[in-house]
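The next block holds one structure in the form of structure tokens; read it before the comments.
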Amino acid sequence: IRYSLSMTERVSSVGFLALEQAFDPNPLIVSPNSSILDLLSAMGQIYTLTGEPLRTRSPVQIGDALVMQGSRLLGIVTRKDLARLVESGQELIGLTTAEVMTLPVITLNPTDDWDIFTLLHLFRQHQIGHLPVIDAQNQLVGVLTQRSLLQAVDPIEFCDQIAQLKQTADDQTRQLEQTVTQHQQLVETLEVTEARHCAAKTRLHEVLKTACTAITQLRFLTDGTCEIDYCSPGCEVVYGYTDAELQADPQLWRSCVLPEDWDTILHPNLENIFAARPSTVEFRFLRRDGSIVWISETITSNWDEVTHSWLVTIVALDITQRKHTEVTLEKSQALYKSLADVLPLCLFRKDRSGRITFANPAFSSSLGVLPSDCIGKTDLDLGVPLDLAEKYQAADQAVFQQGEMLEQVEILEQPETGERRYIQMIKVPVPDATGQIVEVQGMFWDVTDRIQIEKAQELQSFLLQNIAEGVCLVRAIDEVIVYT
């Protein structure tokens, strides 16, 4: 196994050295055919391949043996290999190094800049005593041992490198502590955020569960099918079916819409959905209990490029009560209009600016115009003399300010004939939903005949009383001459 820096993690960035500086000057080398007995003997002395002693090695210097064929490394025989061999009791006579050598051999690439710490780490990692250095042609360049490695390093420089390494380790430790602290803070923040999110989700669910509103999210796919992604608990209140029932069957909602409303209201509204135009529709819906309710749906939509579908959000309300109220109001208004149209009384309404907001045919006929011609006009606009218009306006403002009914008899004198006409006038305040008076409603009618009868009766009673008393008077009372 040949190690290069791309195959192992460098322990530090200091302590680089040229490998040849740390080569063992006297490695123990044997041939593959060397006898194990000779190798055991050589562990005490170094011999050449011819068997002649070269020099005696101290026990401390005794190391492993490299098995070489010329300059090519074949394997390695370690002292541990020999110890296990002796302990096994195996016959050693005739046994060669090729038969017991260890393969593969862990080697180094000589072209890399190795640092001492990485090299020491390799020794410890593989529990070896030698690291042969082999070039690209598989030729032995040299051999490293832990002893030769440490001897090649300057102690002072080595201490400096250790100090640098310690400083680097301290810096990295502080950075790691900061990273851990930031990570813990981030985890705590995420936990708090998650707790808040869960609480908010729970509150929202409770609100949606009790609300009289149904929220639905669905998607229209390009193949024309529909998938429901979400239904709020309020669906049961509005539609009469649970959210689970509506989600399980996308056709359930469609089947409960009255056919005529689907054809005239909902189906045409699909155009707005596919154009991303917000819309509101009102239609009738058949509940499970057989009752028919009115539903109002506010619909928004947008195109989703990821799923290639239309995402649709629907907010629905039960407006049955409102619809019943509207029908009742329409009937009431129709009845009011029918009465106003046939009554001989002149009916009108005015806003605070004195403009007419309603006029029945009798009122408009008294002015010689149509009812539609009166709307938005003032008394002056309709040709009422200035003095009368100001008088009418003052009466209107009194009703606005006092908030009470005003009743009075107006005397009108015809300019052409000088004839007097008596008009009964009643004006009442009309409040809005908040109680604020916003209009005055009035009605008037001609009571001339009634007034004349009352005056004649009054005169007759006066005459009869005076005749009975024997009183004779001469005076003119309403064109009647009485003589005493």
Side-chain angles (χ1 to χ4, degrees), residues 1-4 7-8 17-112 114 116 118-153:
I1 300 176
R2 180 177 301 178
Y3 268 92
S4 64
M7 298 170 58
T8 182
L17 72 163
L19 292 182
E20 60 271 13
Q21 297 176 359
F23 284 165
D24 184 357
N26 299 306
L28 179 57
I29 299 176
V30 296
S31 69
N33 298 323
S34 298
S35 169
I36 290 298
L37 292 177
D38 292 340
L39 180 57
L40 288 172
S41 176
M43 289 299 180
Q45 291 185 349
I46 296 180
Y47 293 84
T48 64
L49 295 181
T50 60
E52 297 181 357
L54 180 61
R55 70 178 182 84
T56 301
R57 293 169 59 99
S58 66
V60 177
Q61 294 176 315
I62 297 175
D64 303 330
L66 302 181
V67 182
M68 302 283 297
Q69 182 72 51
S71 60
R72 188 164 62 91
L73 177 65
L74 301 180
I76 188 168
V77 180
T78 68
R79 293 177 61 84
K80 292 181 181 180
D81 294 334
L82 294 177
R84 284 193 295 268
L85 184 61
V86 173
E87 291 175 358
S88 69
Q90 184 179 349
E91 178 62 45
L92 301 181
I93 298 175
L95 196 62
T96 63
T97 56
E99 296 176 272
V100 298
M101 65 182 181
T102 298
L103 291 174
V105 182
I106 297 173
T107 62
L108 298 179
N109 186 346
T111 59
D112 289 333
W114 294 90
I116 184 173
T118 303
L119 295 173
L120 291 175
H121 173 70
L122 289 176
F123 280 113
R124 289 192 300 271
Q125 178 184 0
H126 298 285
Q127 296 295 308
I128 56 178
H130 288 69
L131 272 173
V133 181
I134 304 298
D135 62 14
Q137 288 74 37
N138 203 29
Q139 302 295 311
L140 179 66
V141 177
V143 180
L144 290 177
T145 66
Q146 293 190 48
R147 181 181 180 86
S148 66
L149 185 62
L150 294 174
Q151 289 176 344
V153 176

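Excluded from the calculations below are hydrogen atoms, water molecules and symmetry mates; all remaining heavy atoms, backbone and side chain alike, are included.
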Checklist outcome for this item: Nearest heavy-atom approach of Ala65 to Leu39 is CB-CD1, 3.6 Å

Next on the checklist: Walk me through whether Val105 and Val67 qualify under side-chain contact (heavy atoms from CB on, under 4.5 Å).
Outcome noted: CA-CA 10 Å; Val105 182; Val67 182; over 6 Å; no

Item to check | From CG (Leu103) to CG (Leu74), nearest 0.5 Å | outcome: 8.0 Å

Next on the checklist: Could you go through Ile128 and Phe123, starting from their C-alpha distance and side-chain angles, then the distance that decides it, and tell me whether this counts as side-chain contact (heavy atoms from CB on, under 4.5 Å)?
Outcome noted: CA-CA 5 Å; Ile128 56 178; Phe123 280 113; 3.9 Å; yes

Next on the checklist: I need the His130 NE2 to Arg79 CZ distance, nearest 0.5 Å.
Outcome noted: 10.5 Å

Next on the checklist: If we ignore hydrogens and angles and just use 3.5 Å, is the side chain of Asn109 paired with the main-chain N or O of Ile134 as donor and acceptor?
Outcome noted: no

Checklist entry - Hey, does the side chain of Gln139 reach the backbone of Ala136 with a donor-acceptor pair shorter than 3.5 angstrom? => result no

Item to check | Candidate pair Asp64 and Thr102, rule side-chain contact (heavy atoms from CB on, under 4.5 Å), full reasoning | outcome: CA-CA 11 Å; Asp64 303 330; Thr102 298; over 6 Å; no

Checklist entry - Out of Leu144, Leu131, Ile106, which one pairs with Leu122 under the side-chain contact (heavy atoms from CB on, under 4.5 Å) rule? => result Leu131

Checklist entry - Out of curiosity, Ser71 OG to Ile29 CD1, how far, rounded to the nearest 0.5 Å? => result 10.5 Å

Item to check | 4.5 Å side-chain heavy-atom contact, Asp38 and Val30 | outcome: no

Checklist entry - Rounded to the nearest 0.5 Å, how far does CG of Leu140 lie from CE of Met68? => result 4.5 Å

Next on the checklist: Assess the residue pair Asp81 and Val100 against the criterion (side-chain contact (heavy atoms from CB on, under 4.5 Å)); give the C-alpha distance rounded to whole Å, side-chain angles, the decisive distance to 0.1 Å, and a yes or no.
Outcome noted: CA-CA 8 Å; Asp81 294 334; Val100 298; 5.9 Å; no

Item to check | Nearest non-hydrogen partners of Gln127 and Lys80, listed with the distance | outcome: O-NZ, 4.1 Å

Checklist entry - Applying side-chain hydrogen bond (donor to acceptor under 3.5 Å, both in side chains), which residue pairs with at least one partner in residues 91-101 are found, sequence neighbours left out? => result Thr96-Glu99

Next on the checklist: To the closest 0.5 Å, what do you measure between CD (Gln125) and CG (Leu120)?
Outcome noted: 12.5 Å

Checklist outcome for this item: In short, Val133 meets Phe23 closest at the heavy-atom pair CG2-CE2, 3.6 Å

